[in-house]
Amino acid sequence: MPELPEVEVVRRGLAPFVTGATVSSVEILEPRSLRRHAEGPDDFAGRLTGARLLAPERRGKFLWVPIADADAALLVHLGMSGQVLVNPTADDRHLRVRILLADGSRVDFADQRIFGSLAIDRLMPVPERPSTRSARSGSRMPVPERAAGESKGIPSQVAHIARDPLDPAFSDRDFVRRIRAKRTETKRALLDQTLVSGIGNIYADEALWAARVHPRQPTETLSAVAAGRILAAVRDVMTRALDEGGTSFDELYVNVNGQSGYFSRSLTAYARQDQPCLRCGRPMVRESFMNRGSHYCRNCQRLR
DNA sequence: CCTCAAACCTGGAAGC
DNA sequence: TGCTTCCAGGTTTGAG
């Protein structure tokens, strides 16, 4: 289940192969893998063929490769089971789209469940702040997104996605203010990609365990300190996962070389139901929540 | 505007 | 053994 660390591993792996490369041809084996490209497979292939690619960028779980001399990018979302594989030695069983580069390299998009998708998307200027409330107190200094001229903008399909906690321009103060203004449960809020992006079911459970917050704790009862502690826990677990190449349990998530990350060994909450809590030793529980599993310690993470 | 749940998918596991 | 049902979950969409 690729979340921010896994997508970042893919971005870093892909960068040396695609930056400056030219697309020589595109093969589409499964049109449903282009669901995000409304104009259809032929338009996708036509617009990508001959394109010169720039350095890949990421926000949350979205990855994109800007196209030179165009206000457009190749957008990639891995969904549940998407993989980007560079020069694989054998064809993946679930190969959906193949992109051939002029230097002979192959970039394959494989995806068992077809929740992921590719698209060619229009790049828009990065808004100063994605929230529609921005017009209010108008005297805030603009926050530079990156070094000047480095980013060509953000794909239209990513414009509504909040910055992620590893983005230097992420505002901790805004996050704390916005999560406390919500009327929902804390885990739901962490999974809301318009509040903070990049968090999925695994890292939500990990961060809540580390911050000792119950997944169903109402957001309006969180103190500013508690909200800050959750955000720090998110950053900490994502950073450590990135250092270990991401989390994977099976072959569904791998880097561009087809290898799995090692962070699954370091998980403290996710999939640990009936095993002792690593803090207090009591058995962890798994509850069904939002059509997902929620793993936590009833002793360390109490509703308050 | 906000919140929430259904729908989209496959294949491995579990149940019968 | 073979068939059916369940389960995993990120995002979009639309209902209320």
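So you know, we letter chains A, B, ... as the sequences are listed, proteins then strands, and number each from 1.
Every pair passing side-chain hydrogen bond (donor to acceptor under 3.5 Å, both in side chains) that includes a residue from residues 199-209 of chain A is listed here, sequence neighbours excluded: A/Glu6-A/Tyr203, A/Lys187-A/Asn201, A/Lys187-A/Asp205, A/Tyr203-A/Thr247, A/Asp205-A/His295, A/Glu206-A/Thr268.
A/Glu220 meets the salt bridge (Lys or Arg N to Asp or Glu O under 4.0 Å) test with no other residue; sequence neighbours excluded.
Taking atom CG of A/Asp111 as the reference point, atom P of B/dG11 lies 11 Å away to the nearest angstrom. Straight-line distance from the CG atom of A/Leu195 to the P atom of B/dC4: 13 Å, rounded to whole Å. Across the protein-nucleic acid pair, A/Glu30 atom CD and B/dG11 atom P stand 11 Å apart, rounded to whole Å. Atom P of nucleotide B/dT3 and atom CE of A/Met290 are separated by 12 Å, given to the nearest angstrom. Atom-to-atom, CZ of A/Arg32 to C1' of B/dC9 comes out at 7 Å; the value is rounded to the nearest Å. If you measure from atom CG of A/Leu190 to atom C1' of B/dC4, you get 17 Å, rounded to the nearest angstrom.
Taking the charged nitrogens against the carboxylate oxygens, A/Arg240 and A/Asp236 do have a contact shorter than 4.0 Å, which makes a salt bridge.
The shortest distance between the side-chain N/O atoms of A/Arg183 and the OP1/OP2 oxygens of B/dC4 is not below 4.0 Å. Here A/Thr184 reaches the OP1 or OP2 of B/dC4: one of its side-chain N or O atoms lies under 4.0 Å away. OP1 or OP2 of B/dT3 sits under 4.0 Å from a side-chain N or O of A/Lys182.
Between A/Asp111 and A/Ser33, the side chains place no donor N or O within less than 3.5 Å of an acceptor N or O (distance only, hydrogens not considered).
Between A/Phe170 and A/Phe175, the two ring planes are tilted [angle within 30° to 60°].
No option in A/Thr19, A/Leu101, A/Leu14, A/Thr22 other than A/Leu101 meets the side chain to side chain contact (heavy atoms under 4.5 Å, CB included) test with A/Leu53.
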request  = Using a 4.0 Å cut-off on protein heavy atoms (strictly under), produce a 5'-to-3' string for nucleotides 9-16 of chain C with B for base contact, S for backbone-only sugar-phosphate contact, and - for none.
outcome  = BBBS----
